[in-house]
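Worksheet: one structure, shown below.
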Amino acid sequence: MVNPIKNKTAEMPFWDHVDELRSRFIKSLFFIILFTIFAYIFSDRILLILSELNTKSIDNINLQVLKITSMFMIKVYVSLVVGIILSMPIILYQFWRFVSPAISSGFGFYTFFLFTLSSIFFFLGSYFSYLVIIPVSIDFFTSMTSDYIPVNYNFTLENYLLYIIWMIIVGGLIFQLPILSIIFNRLGLINYKTLVEARRFSILGIFIISAILTPPDPFSQIMFVVPLIILYEISILILRFLR
C-alpha cells in the first residue's frame with residue numbers, strides 16, 4: 001500500500017517544493033538575524049564570558065586591536081556566531097518540517113528526536129571545550145618561554161576570539177559521535193558488534209582526528225581523546241539497546 005504522505009509529496013509540483021524550501025529558509029534566516037541582534041545587544045557581556053576563562057595565565061595575556069573598526073567588526077562577528085548557534089535547533093526543525101512529509105510519521109519523529117539529541121550533544125561538547133579544553137591549551141601555549149629572549153604574549157582580540165570560537169565549535173562537533181553512530185546504524189552500515197570489533201582501530205582514529213582538529217599540544221589532544229573514547233563506549237551501549 002502506498003503511503004499517502006509519500007504519495008502527496010511525490011505529486012507536489014517542483015515549484016511548490018521550491019516555495020516550501022524558500023519559506024523554511026526565510027524563517028531560519030529570520031531567527032538567525034533575530035538572535036544575532038539579541039546577541040549584539042549583549043555583545044560586551046559575551047566578550048567578557050569568552051575572555052574570562054578559568055586559566056591561570058589569563059592575567060599575563062594582553063589583548064589588543066589594531067584597526068579603528070576592529071571592535072565593531074568583532075562584536076558583529078561574535079554576535080553572528082552566537083546567533084547561528086542559538087538558531088540551530090530552529091534551523092534543524094525547519095529542515096525536519098521540509099523533509100518530514102516525504103517519510104513515514106514514525107521515522108519522521110525519529111529524525112526529529114535525532115535533531116534534538118544532536119543539539120543537546122553539541123551544546124554539551126561546546127561547554128566542555130570552553131570549560132576544560134580551551135583553558136588547558138592556553139595555559140600550555142603561554143607557558144612556552146625562552147631563557148634567552150624575553151617574550152610578552154600580546155594577542156589581537158580577533159585572533160584570540162577566533163581561536164576560542166573554533167575550539168568551542170570543534171568541541172560541539174566531536175560530541176556528535178553517538179548521533180553519527182545511530183544514523184549509520186539506521187542505514188544498516190554498522191551495529192554494536194561492528195563498534196566492538198573495531199574498537200582498537202577506532203581509538204587510533206580518535207587520536208588522529210583529535211590531532212587534526214585540536215592545537216598541536218598533547219594536553220588538549222588528550223582532553224579531547226578521553227571524552228571521545230567515553231562517547232564511543234556510549235555509542236556501543238546505545239546501539240546495543242536499539243538492536
Side-chain angles (χ1 to χ4, degrees), residues 3 5-6 8-10 12-50 72-131 133-134 161-162 164-187 213 227 231 234-235 238 242:
N3 190 310
I5 299 179
K6 290 184 178 181
K8 179 181 178 181
T9 305
M12 183 182 294
F14 171 77
W15 291 110
D16 287 348
H17 285 290
V18 174
D19 290 338
E20 176 71 11
L21 179 61
R22 182 178 61 182
S23 174
R24 300 298 174 188
F25 174 79
I26 292 175
K27 290 178 181 178
S28 300
L29 183 61
F30 169 78
F31 281 100
I32 291 176
I33 295 174
L34 181 64
F35 282 120
T36 299
I37 294 174
F38 179 80
Y40 186 84
I41 295 175
F42 297 95
S43 57
D44 288 333
R45 180 62 182 172
I46 296 173
L47 291 177
L48 179 63
I49 293 174
L50 292 177
F72 172 74
M73 296 306 300
I74 288 171
K75 289 185 177 183
V76 171
Y77 170 72
V78 171
S79 300
L80 180 60
V81 172
V82 173
I84 293 175
I85 292 176
L86 293 178
S87 301
M88 282 308 298
I90 297 175
I91 295 173
L92 293 175
Y93 174 75
Q94 294 298 328
F95 175 76
W96 174 74
R97 288 297 302 273
F98 177 72
V99 301
S100 59
I103 54 182
S104 62
S105 57
F107 190 74
F109 173 80
Y110 187 83
T111 305
F112 180 68
F113 171 76
L114 279 182
F115 285 156
T116 304
L117 196 63
S118 175
S119 299
I120 294 174
F121 272 98
F122 182 86
F123 285 117
L124 287 176
S126 298
Y127 183 71
F128 175 79
S129 182
Y130 171 81
L131 192 66
I133 304 299
I134 297 175
L161 292 176
L162 182 63
I164 292 177
I165 292 173
W166 167 249
M167 291 298 293
I168 288 175
I169 294 175
V170 167
L173 293 177
I174 283 179
F175 269 58
Q176 299 299 305
L177 179 60
I179 309 301
L180 293 176
S181 300
I182 295 174
I183 293 175
F184 289 146
N185 176 258
R186 293 293 294 183
L187 293 175
L213 295 180
L231 289 170
I234 291 175
S235 300
I238 292 175
L242 293 177

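Computed from a predicted structure; not experimentally measured.
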Heavy-atom side-chain contact between [X] and [Y] under 4.5 Å:
X: K75; Y: D44; result: yes
X: F25; Y: L21; result: no
X: S79; Y: I46; result: no
X: V82; Y: F38; result: no
X: P89; Y: T116; result: no
X: Y77; Y: L161; result: no
X: I168; Y: L50; result: yes

Mind checking the [atom1]-[atom2] spacing from [X] to [Y]? Nearest 0.5 Å is all I need.
X: I169; Y: I164; atom1: CD1; atom2: CD1; answer: 12.5 Å
X: I84; Y: I33; atom1: CD1; atom2: CD1; answer: 11.0 Å
X: I179; Y: I238; atom1: CD1; atom2: CD1; answer: 7.0 Å
X: I74; Y: L162; atom1: CD1; atom2: CG; answer: 10.5 Å
X: S118; Y: L173; atom1: OG; atom2: CG; answer: 9.0 Å

Test L177 against S235 for side chain to side chain contact (heavy atoms under 4.5 Å, CB included), laying out the working first.
CA-CA 7 Å; L177 179 60; S235 300; 4.1 Å; yes

Between [X] and [Y], what is the shortest heavy-atom contact and its length?
X: L80; Y: I32; result: CD1-CG2, 4.4 Å
X: F31; Y: I90; result: CD2-CD1, 3.5 Å
X: S129; Y: M167; result: OG-O, 2.8 Å
X: Y130; Y: I49; result: OH-O, 2.6 Å

Side chain to side chain contact (heavy atoms under 4.5 Å, CB included) between T36 and Y40, intermediate numbers included
CA-CA 6 Å; T36 299; Y40 186 84; 5.6 Å; no

On the 0 to 90° scale, with breaks at 30° and 60°, tag the F175-F128 ring pair as parallel, tilted or perpendicular.
tilted

Quick one: do I85 and F123 satisfy side chain to side chain contact (heavy atoms under 4.5 Å, CB included)? Show the steps, please.
CA-CA 9 Å; I85 292 176; F123 285 117; 3.5 Å; yes

